[in-house]
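We name chains A, B, ... by the order of the sequence lines, and we start the count at 1 in each one.
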Amino acid sequence: MPPSRPFYITTPIYYVNDRPHIGHCYTTVVADVAARFQRLIRGVGGPPLRGGERAAGTEPSRSDGLPGVFFLTGTDEHADKVVTSAASHGMSPQAWADHNAEEFRKAFAFIGSSHDDFIRTTEPRHKERVTRYVRALMDAGQIYKGDYTGWYDPGQEEYLTETAAREAGYKSAISGRPLVKRTEPCYFFRLSEYQVRLLEHIEGNPAFIQPDARRQEVLGRLRPPAVLNNVPVSRPVTDDPATQWGIRIPGDPAHRLYVWIDALFNYLTAVDTDERRALWPCTVHLIGKDILWFHAVIWPALLMALRACPGYEWVGLPGTVFGHGWWISEGQKMSKSLGNFIDLEKLRAYAGRYGAGALRWYLATQGPLAGNDADFSHAKFVEVYNADLANGIGNSTSRVGNMIEKYFEGRLPAHSPGQDANGRGLRMFPDGGGHRMMDHAGESADTLSATDRIRFDFANNAVALRGGVNLVQFVDQYINVTQPFKVAKQPESSSRDWLATILSDCVESLRVASLLFYPAMPEKMAELWRRWNCNHLRDPDDANSGFVAPLAELAEWGGAYSLRPGTPIRKGDPLFMRADPVEPPP
RNA sequence: GCCGAGGUAGCUCAGCUGGUUUAGAGCGCUGGAUUCAUAACCCGGAGGUCGGGGGUUCGAGUCCCCCCCUCGGCACCA
């Protein structure tokens with residue numbers, strides 16, 4: 001039973017005034033790993049090349065008719081501060097946004113993101129569609145003009161929330177002058193009408209908000225006696241240039257759409273074309289936990305409202321909103337005052353010394369997905385790097401490749417029939433007097449393939465990556481037990497056959513393991529495949545070119561994509577050079 | 001303050017509705033074996049009163065009560 005729906009995953013669109021740091025990179029890497037796993041499972045074509053975006057109508061071709069994968073990221077550019085920042089740099093808001101959006105693009109290219117599109121809220125395609133949505137919601141009465149009353153700071157020309165005003169003693173934190181209660185016209189969204197429906201949907205769909213602790217938090221704020229109020233969705237346009245940046249309310253240019261509402265719609269505007277509309281509803285919105293309320297409450301309510309508008313019947317709710325946690329740095333919260341922010345320069349330094357794949361591996365396997373915040377510590381990084389990569393897949397491919405060069409002139413020997421059981425992974429090998437099952441690769445592949453049939457789950461990806469690690473360990477154990485290096489010294493021809501069998505088993509198992517590693521470390525695995533002449537990618541020289549078949553076929557033990565006897569196997573340089581724990585951090 | 005999650009080996013964590021053993025895994029540490037490999041790999045070990053106290057039970061890390069500690073959320077960011 002093939003997957004029935006396309007896989008559509010998003011990151012938040014990032015605030016363009018920020019400098020890219022570990023938080024942005026983490027979210028993007030986790031989403032990227034998920035997207036790559038899905039492309040692997042489905043055997044679909046790759047993303048557009050190296051950080052560019054795909055033009056509408058050029059979605060990945062599908063090798064076998066399975067629904068495709070779409071990975072979206074981008075930048076949020078309509079905040080007032082973009083205007084003031086731009087001014088302080090002597091640039092126009094748009095030029096400043098262009099410049100900073102480019103920084104994010106470069107960061108994501110460096111981290112190996114394979115997004116299919118990069119949307120910016122200042123793009124015409126976004127602005128036009130958002131304007132249409134808002135007009136539809138206004139026509140339906142879901143967005144209406146009312147009066148906003150709040151505590152206003154005349155000096156700062158901004159409103160404070162009731163809580164913030166109270167904490168400040170109803171005085172301006174800047175000037176110390178008293179805040180004034182002020183009322184002015186404003187557009188509101190009727191969020192209050194959706195409280196019951198939201199509650200029902202979240203209670204009835206445990207997967208809608210994840211992890212579960214986050215879901216409980218939202219439920220706690222949605223259940224009576226909590227009351228959902230209508231939310232302001234506009235801000236006034238004045239003489240201040242900062243207020244002239246943004247999408248105008250249709251038919252009322254004195255008001256512009258509040259930036260958060262504008263931003264949320266990006267998930268929809270990016271796919272609201274004839275070619276892409278089938279991608280909706282989105283499979284999963286991956287976000288940081290700070291913006292959970294907007295994504296788990298306001299956003300679905302907006303979608304419910306829009307869906308009721310004529311022509312928008314196709315607008316369903318996303319499958320999952322996943323709010324991950326934060327990274328801390330060397331045991332301490334990151335803050336600008338401490339100067340311990342893990343910024344792009346630091347990440348580049350790590351990638352420079354250990355490889356981008358190693359950095360992605362650390363982020364993807366040690367990150368704060370569910371549970372507690374995670375620590376980015378140099379000692380931990382080196383530990384994980386050495387244990388999983390240098391001493392794991394790196395060393396194992398090295399020793400196997402070396403023996404094939406040494407004993408078989410660098411060509412994969414033929415597996416002797418009847419010397420092992422058929423199946424996936426190394427099935428059995430003599431272990432003392434008994435036998436031991438070695439089919440972790442099969443388990444991992446099954447887990448993954450089942451993912452889409454049931455429901456997407458980040459945990460399955462972690463299991464699969466771990467499955468690759470476990471399979472490598474089994475290969476190492478197998479080598480220690482069968483001792484091919486001793487078999488090689490025995491003169492009998494039967495020993496020669498047994499040696500061939502052992503090594504071809506090792507190659508086949510590592511090949512399967514490498515498929516499971518690919519989503520986390522695409523370039524490194526593509527490198528291994530080039531050395532071993534594995535035919536997994538459409539273009540062996542391009543890790544992003546897409547797969548020639550779905551995972552179930554690629555990973556089949558001894559299947560159509562296993563290596564034929566005689567295939568050249570090059571050992572090459574170590575894929576992951578061992579790291580010295582005492583060397584100072586980069 | 002209110003609501004919620006959690007405190008299990010040096011570190012990161014598994015342990016579902018109580019009884020398969022003398023509480024597990026990975027990493028780290030330590031002893032051994034081995035040499036094909038990146039001083040890697042493989043095997044074994046050390047070993048934590050399962051936050052503290054009380055209770056229920058034939059029996060609790062696993063249920064109840066109290067206390068201590070850590071963490072998260074408490075919105076509309078106009």
Open item on the list: A:E217 vs A:K289, test: salt bridge (charged side-chain N to carboxylate O under 4.0 Å, His left out). Steps then yes/no.
Closed with: CA-CA 11 Å; A:E217 286 172 11; A:K289 62 187 181 182; over 6 Å; no

Open item on the list: Counting only side-chain nitrogens and oxygens, does A:K489 get under 4.0 Å of the OP1 or OP2 atom of B:C36?
Closed with: yes

Open item on the list: With a 3.5 Å cut-off and heavy atoms only, can you find an N or O donor on one side and an acceptor on the other between the side chain of A:N395 and the base of B:A37?
Closed with: yes

TODO: Considering just the side-chain nitrogens and oxygens of A:K380, establish if one lies under 4.0 Å of OP1 or OP2 belonging to B:G28.
DONE: no

Open item on the list: Heavy atoms only, 4.0 Å cut-off, all strands: where does A:Q216 land among base, sugar-phosphate and nothing?
Closed with: nothing

Task: OP1 or OP2 of B:C41 under 4.0 Å from side-chain N/O of A:N480 - done: no

Task: A:Y350 ring center within less than 6.0 Å of A:F376 ring center - done: yes

Task: Under-4.0 Å side-chain N/O to phosphate OP1/OP2 contact, A:R578 with B:A40 - done: yes

Task: Distance test, side-chain N/O of A:Q477 to OP1/OP2 of B:C43, below 4.0 Å - done: yes

Task: Base B:C42 paired with A:D476 side chain (donor-acceptor, <3.5 Å) - done: no

Open item on the list: Measuring to OP1 and OP2 of B:C42, would you say a side-chain N or O of A:Q473 lies under 4.0 angstrom away?
Closed with: yes

Task: Steps toward side-chain hydrogen bond (donor to acceptor under 3.5 Å, both in side chains) verdict (A:D80, A:W245) - done: CA-CA 7 Å; A:D80 294 13; A:W245 183 239; over 6 Å; no

TODO: Check whether the ring centres of A:F458 and A:F322 lie less than 6.0 Å apart, and answer yes or no.
DONE: yes

Open item on the list: By the 4.0 Å heavy-atom rule, please label A:G150 as base, sugar-phosphate, or nothing.
Closed with: nothing

Open item on the list: Counting only side-chain nitrogens and oxygens, does A:R221 get under 4.0 Å of the OP1 or OP2 atom of B:C74?
Closed with: yes

Task: A:N391 vs B:C41: side-chain N/O to OP1/OP2 distance below 4.0 Å - done: yes

- [ ] Provide, to the nearest angstrom, the distance between the CZ atom belonging to A:F485 and the P atom belonging to B:A33.
- [x] 15 Å

